[in-house]
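First comes the structure, then the notes that go with it.
Note that this is a predicted model, so its numbers are computed, not measured. Heavy-atom basis, side chains included; hydrogens, waters and symmetry copies ignored.
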Amino acid sequence: MSSTYMVFRCVFTIVNMFFFALGFAVVVCSWWLHIKSVDYRPLMKNQLFTAPVILIISAKFSMLLGAIGCIGAWFEKKILLFIYIITMIVIFVALLLGVVFVIAFNERVAMTARKELLENIRQYPGDEGADENNFRKTMNSIQKRFHCCGVDQYQDWFNADVWTGQPYVPDSCCIEETNGCGKQIAANETYGLIYIDGCFNMIQMEINRNLMIVGILAFVLVFVEGFCIVAALGLLCYLRQRDRYI
């Protein structure tokens with residue numbers, strides 16, 4: 001075995017070890033972003049095809065391929081290196097397209113979600129349907145977490161059919177939540193009892209922050225993947241050329 005191949009193999013192994021550690025860090029970070037969105041995720045049309053989920057799947061496959069690539073390099077298995085290269089290229093392209101697709105359609109999904117939120121507020125159930133209504137649970141959770149009320153503004157709740165035009169809001173809008181506190185305000189006066197900012201902008205700001213983090217992680221992952229593909233190609237070409245002269 002030549003010293004050139006030994007150097008190639010060591011470099012390839014070190015890069016893949018770094019890539020494995022990076023993949024693990026990306027999986028952990030992406031799971032954290034996925035868990036952070038648990039409050040508003042039920043409002044999304046597609047809860048599975050999200051940017052963090054795409055990144056998690058790609059990173060896990062890449063970590064597995066890293067092990068395959070190292071085995072191929074150390075045992076000089078050209079077929080394993082070939083599988084490694086082809087699959088890494090597929091993941092490379094899929095990751096780029098997947099993240100770009102999610103980011104590109106984010107605005108359209110957001111506008112659709114906003115319309116559905118306003119419609120769900122209009123059909124908001126009374127106390128007798130509280131335990132069975134998922135939207136009520138979701139909105140209460142969102143309003144408590146983000147310290148907000150309604151979709152665009154707290155007055156959105158005045159259109160709820162359950163209150164027949166009364167200036168009421170759910171108790172989860174209250175700064176200090178007590179039973180019936182959402183019914184102690186007037187149409188144009190909150191008396192400092194409730195949050196007045198709408199939830200939609202706050203949710204959108206958090207989603208945009210998460211997408212920025214996902215974009216950075218995806219860029220780093222793609223960059224290292226590209227380096228791994230080039231290194232594996234170098235190893236495979238060297239093995240094929242060496243075997244040709246044996």
Side-chain angles (χ1 to χ4, degrees), residues 1 3-41 44 46-106 109 206-240 242-243:
M1 186 183 298
S3 59
T4 304
Y5 182 76
M6 287 289 292
V7 172
F8 261 113
R9 189 175 68 177
C10 289
V11 170
F12 181 72
T13 304
I14 291 170
V15 170
N16 269 280
M17 288 175 63
F18 172 75
F19 185 65
F20 187 90
L22 175 65
F24 181 78
V26 168
V27 169
V28 171
C29 188
S30 298
W31 266 119
W32 172 69
L33 292 175
H34 190 63
I35 291 170
K36 271 186 68 179
S37 66
V38 67
D39 289 327
Y40 52 82
R41 203 184 310 143
M44 300 178 181
N46 193 332
Q47 298 184 39
L48 296 178
F49 191 68
T50 62
V53 170
I54 293 172
L55 208 54
I56 289 168
I57 295 171
S58 300
K60 285 184 174 181
F61 271 110
S62 299
M63 289 165 66
L64 177 62
L65 283 173
I68 294 174
C70 285
I71 293 172
W74 280 94
F75 293 96
E76 301 184 20
K77 301 294 184 182
K78 288 185 289 184
I79 185 64
L80 289 181
L81 285 173
F82 182 75
I83 292 172
Y84 173 86
I85 292 168
I86 296 300
T87 314
M88 282 289 273
I89 290 174
V90 171
I91 293 177
F92 180 91
V93 174
L95 177 60
L96 277 178
L97 292 178
V99 173
V100 168
F101 176 83
V102 170
I103 292 174
F105 282 85
N106 176 53
V109 172
E206 173 155 313
I207 290 175
N208 288 338
R209 281 195 301 267
N210 291 349
L211 285 176
M212 183 179 68
I213 295 172
V214 167
I216 293 171
L217 291 174
F219 174 79
V220 174
L221 199 60
V222 164
F223 178 80
V224 179
E225 275 185 359
F227 192 85
C228 289
I229 291 170
V230 171
L233 278 170
L235 285 172
L236 183 61
C237 290
Y238 177 85
L239 288 175
R240 293 186 66 179
R242 185 199 65 180
D243 292 347

All side chain to side chain contact (heavy atoms under 4.5 Å, CB included) counterparts of Ile86, not counting sequence neighbours: Phe82

Would you say that more than 12 heavy atoms from the other residues, nucleotides or ligands in this model lie under 6.0 Å from the NZ of Lys36, or not? yes

Can you measure from CD1 (Ile79) to CG (Leu236) and round to the nearest 0.5 angstrom? 9.5 Å

As an exercise, state the distance from SG of Cys29 to CG of Leu33, rounded to the nearest 0.5 Å. 5.0 Å

Spacing of Cys228 atom SG and Phe18 atom CZ [to the nearest 0.5 Å]: 9.5 Å

Leu64: side chain to side chain contact (heavy atoms under 4.5 Å, CB included) partners, not counting sequence neighbours: none

Not counting sequence neighbours, which residues clear side-chain hydrogen bond (donor to acceptor under 3.5 Å, both in side chains) with Thr13? List them please. Trp74

When Ile85 is tested against each of Val230, Leu65, Val90, Leu233 for side chain to side chain contact (heavy atoms under 4.5 Å, CB included), which residue passes? Leu233

Using 0.5 Å steps for rounding, measure from the CD1 atom of Ile68 to the CE atom of Met88. 10.5 Å

Heavy atoms of Ala59 and Gly23 approach each other most closely as CB-O, 3.7 Å

Lys78: side-chain hydrogen bond (donor to acceptor under 3.5 Å, both in side chains) partners, not counting sequence neighbours: Asp243

Applying the side chain to side chain contact (heavy atoms under 4.5 Å, CB included) criterion to Phe24, which one of Val27, Val28, Val26 satisfies it? Val28

Output all residues satisfying side chain to side chain contact (heavy atoms under 4.5 Å, CB included) with Ile71, sequence neighbours left out; order by chain, then residue number. Phe75, Leu80

Is the side chain of Ser37 donor-acceptor paired with the backbone N or O of His34 at a distance under 3.5 Å, no angle test? yes

Side chains of residues 206-225: which donor-acceptor pairs under 3.5 Å do they make with residues two or more places apart or in other chains?
residue	atom	partner	partner atom	Å
Glu206	OE1	Arg145	NH2	2.9
Glu206	OE2	Tyr40	OH	3.3
Glu206	OE2	Arg145	NH2	2.6
Asn208	OD1	Asn106	ND2	3.2
Asn208	ND2	Gln204	O	3.3
Asn210	ND2	Tyr40	OH	3.4
Glu225	OE2	Ser62	OG	2.7

Atom pair CD1 (Ile56) and CH2 (Trp31), whose distance is rounded to the nearest 0.5 Å: 5.0 Å

